[in-house]
Amino acid sequence: MERVILHSDLNNFYASVECLYHPELRDKPVAVCGSQSTRHGIVLAKNQIAKKMGVKTGEAIWEARNKCPDLVIVRPNFHLYMRFSLYARRIYEEYTDLVEAFGIDENWLDVTGSTRLFGSGEKIAHEIRERIKNELGITVSVGVSYNKIFAKLASDMKKPDAVTVITEKDYRQKVWPLPVKELLYVGRSTGRKLNDLGIVTIGDLANTPVGLLARKLGKWGETLWLFANGYDDMPVSKITFESLIKGIGNSLTAPRDLTCDEDAKLLFQVLAESVGERLRRHNLKGRTVQISIRDTNLEYITRQAKLPSCSYITREIADKAFEIFKCSWDWSKNVRALGIRVTDLVTADRHVQLSFLEDEIRRINRELVDHSIDSIRERFGYYAVQRASLLNKDIFNTDVARENVIHPVSYFR
Amino acid sequence: MKVICQKEKLAEGINVVQKAVSSKSNIQILEGILIEAGDNFKMTGNDLELAVECFVDAHIERPGAIVINSRMFGEIVRRLPDSDVLIELKDNNTVTIECENSKFNLKGILPEGFPAIPEIEKKNSFKIDQMLLRDMIRQTLFAVCLDENRPILMGSLMEYDGTTLNIVSIDGYRLALRRTTECVGEKPFSVVVPGKALNELVKILEAEPLEVNVVASDNHILFDMGTRKVQSRLLEGKFLNYAGIIPNEFETRLSVRTKELLSAIERAALMITSEDRGHAIKFNVNEERLVITSSTAIGDAHEEVPVEMDGKKLELGFNPRYLTDVLKVVEDEFIEMSFTTNVGPSVIRPVEGRDYDYMVMPVRI
């Protein structure tokens, strides 16, 4: 039976919520910018007016100001966004129990079983669009299709406050002319590889022999070909935003086997740099640090411990990871790979109970240092600023987050 | 064994010793109460961390001893009519409990396997009024640390310098220190008593002006109240040196009626539900009044409390529970609250006297 899948995308989510709470900003270009403790933030979201002026998500504030001198910068209230995300989810859940979060502002809904009750997918989509506007005061774009990939593409086609339908009959006209980079998971690097093969549009991809793609891109090529042809059959699972990000972690196989504490300490340092940066980027702090150790026999253990308080400070994560390691490893075998994962996440803008057992001023300063490092790297690249301890240790020093990209697994569970 | 005692006295005794009985243990006998009839009728609970003994008035017809499952024994006795209860040990370790028209036969456990309470070496001791000790524990217990990463702070420090007894609890976010000179000891000492033991002791100490004799060795502490005895293991390690932590210089001070401040904070805290756990209330210290506000998804609250203020204006956040905990146990009509900065400690003290110091860290908002 043909499925009816909706993809609902809250338009300019952060900025819309801010404008709702600050009506005086409604007619001005507004950007929500990160790194609240430093003033070097980047644009996390912008409203429609700022968008028209060319402000882009991810660019530095000064770049945005160049294009749009009147830009109003507001600081993010992640707490508030979480709440609105939840409110929207409650509305979706009145139509189906199969609601899958994809980020804070996007959800897939499988309404196949609900069409007898509520009418066609398109009718439900319009109803949701109206209700979000009336009940929450923000707008949503809804895509309706027969698989998740096309539903997501559809929601991107018309914005804001709109519904777009892609059917099995018209996907060739609607989807195929789109540039291939619009397809979920076709990033810069995959896009470049595809372009090298002469594949520019999604239609090109769909009509390329799947064997060729598999040879050039591996298993991934096959998956993308299935996406482009609308053969995606991934189910919509019940996933909330909170459960989506349970932890943030990285692991790395060392270029040579690790043989001593000093080696392990350095590798944890490198991993913590990446994990810390990702936590800060998502504005999350974690309470638990988990490490994984793979020895030269490929045997694998994980150990975890709690931090004294929620943190996204690189140094604290690295120190904790190494502390756990020292209690769990006796060097009877050498180590091949290490990993760090931070879990028990909370949004970082919540109130922080101070402790007199910790040097809170030093913690605040360390947060500021980490934010500054992040913005330097954002502008000048990862290697622009480095830990002195890693300076002459080239084999360990890598930008874990960018050079070892693993695609988000959440879609393929 | 054959004893007769009043239901009420028996139930009270069970209730006291149950404080030291583990409800779930791998060792079956630890889920039991040891009852012994000799010269006296005595009940004992012991979970190996904490042991409680209680003597109960009874008429002893035949001596003996047995261990009975604590939960079952308690449930039965609590529901018996107000009358005399007969407890008799029969063959096969069967215990018969009879009261008016009720009769129970329970399987008992031989008492030999019940852990003996370690004999305490009488190294240090002091005498103090039970009510006073109860209040001192009550005023500090809530600040005991619950984080297992800091095991030594999971107890309260009891230190005696020859004239003054201090009880101190610290969880890192606050510090509670209660002192008294109204106790008689031999020589100075310092021990750390587990918070769990104090939590039970507070319920066992009587709200009457009776004396308790406290004896401490290197590993154990005994609170001897005559008919009731509570003995706990001590925590090992060195307690935090708290002397330098409490600040002496403040930017702002205010004095306020305790009950008024408590009610205002409790009302403002209504806005903070479990969903907003960790959310702070805001203090705005300003001239002749203290403005307390809170704002969450539910709505916002605005409270004004008249105060006498001295020093700079200040705005800072607090976890409301860290304030209500202390305001509930302070009996003085007026308290003084002194502030350093919005990221440094604040101190609460009764306006009169020097018996109590409470230090609390603010919340960064």
Side-chain angles (χ1 to χ4, degrees), chain A residues 17 20-21 36-37 75 77-90 136 240 242 284-289 304-313 316 319-320 323-324 327 344-368, chain B residues 143 145-150 152-153 169-176 239-247 269 271-273 275-283 294-298 300 316-323 339-347 358-365:
Chain A
V17 174
L20 189 65
Y21 274 71
Q36 48 172 338
S37 17
R75 301 199 313 196
N77 282 297
F78 289 97
H79 236 78
L80 201 59
Y81 311 147
M82 290 286 269
R83 200 184 303 148
F84 268 79
S85 173
L86 189 70
Y87 291 158
R89 190 180 173 91
R90 284 191 192 143
L136 303 189
T240 62
E242 288 88 344
L284 295 167
K285 289 184 178 181
R287 185 76 202 269
T288 303
V289 174
Q304 65 176 50
K306 271 192 170 2
L307 290 162
S309 57
C310 294
S311 173
Y312 54 34
I313 300 173
E316 289 184 353
D319 288 353
K320 193 59 166 185
E323 183 192 317
I324 306 168
C327 307
D344 281 348
L345 303 179
V346 297
T347 55
D349 60 344
R350 64 161 50 201
H351 295 163
V352 182
Q353 171 67 52
L354 302 175
S355 158
F356 53 83
L357 298 179
E358 311 234 0
D359 189 340
E360 299 286 357
I361 304 294
R362 192 172 68 180
R363 293 197 74 205
I364 293 169
N365 286 336
R366 281 183 172 170
E367 287 187 2
L368 289 172
Chain B
C145 185
L146 302 174
D147 180 357
E148 286 174 10
N149 283 322
R150 305 185 190 277
I152 193 68
L153 296 185
S169 302
I170 295 175
D171 69 0
Y173 308 117
R174 57 247 176 98
L175 174 158
F239 200 72
L240 192 80
N241 180 14
Y242 62 92
I245 294 179
I246 305 174
M271 294 298 114
I272 301 165
T273 57
E275 231 174 274
D276 305 292
R277 210 161 39 91
H279 207 88
I281 54 170
K282 205 192 280 178
F283 268 42
S294 66
S295 171
T296 66
I298 295 175
D300 43 66
L316 75 176
F318 283 111
N319 177 338
R321 193 168 58 80
Y322 290 178
L323 298 176
F339 307 89
T340 54
T341 63
N342 61 0
V343 290
S346 299
V347 173
Y358 180 79
M359 183 179 104
V360 59
M361 289 294 284
V363 171
R364 220 167 103 200
I365 47 175

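Bear in mind that the values here come from a model prediction, so they are computed numbers and not experimental data. Naming convention: chains lettered A, B, ... in sequence-line order (proteins, then strands); numbering from 1 in each chain.
- Salt bridge status for A/Glu367 with A/Lys285: present, with a side-chain N to carboxylate O gap under 4.0 Å.
- Remark: A/Glu358 engages B/Arg150 in a salt bridge, criterion side-chain N to carboxylate O under 4.0 Å.
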(request) Evaluate the side chain to side chain contact (heavy atoms under 4.5 Å, CB included) criterion for residues A/Phe84 and A/Leu20: first the C-alpha distance (whole Å), next the side-chain angles of each, then the deciding distance (0.1 Å), finally the verdict. (result) CA-CA 11 Å; A/Phe84 268 79; A/Leu20 189 65; 3.5 Å; yes
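- Using a 4.5 Å cut-off between heavy atoms, A/Ile361 touches chain B through its side chain atoms alone.
- Contact of B/Ile365 with chain A is made through backbone and side chain together, with heavy-atom distances under 4.5 Å.
- With a 4.5 angstrom heavy-atom cutoff, B/Pro362 touches chain A via backbone and side-chain atoms both.
- A salt bridge is defined here as a Lys NZ or Arg NE, NH1 or NH2 lying under 4.0 Å from an Asp or Glu carboxylate O, and A/Lys306 with B/Asp147 fails to meet this definition.
- Across every non-hydrogen atom of B/Leu316 and B/Thr341, the tightest pair is CD1-O, 3.9 Å.
- Neither the backbone nor the side chain of B/Phe318 comes within less than 4.5 Å of any heavy atom of chain A.
- For B/Ile170, the part sitting under 4.5 Å from any heavy atom of chain A is the side chain, from C-beta outward, and nothing else.
- Using a 4.5 Å cut-off between heavy atoms, B/Arg174 contacts chain A through its backbone alone, with no side-chain atom that close.
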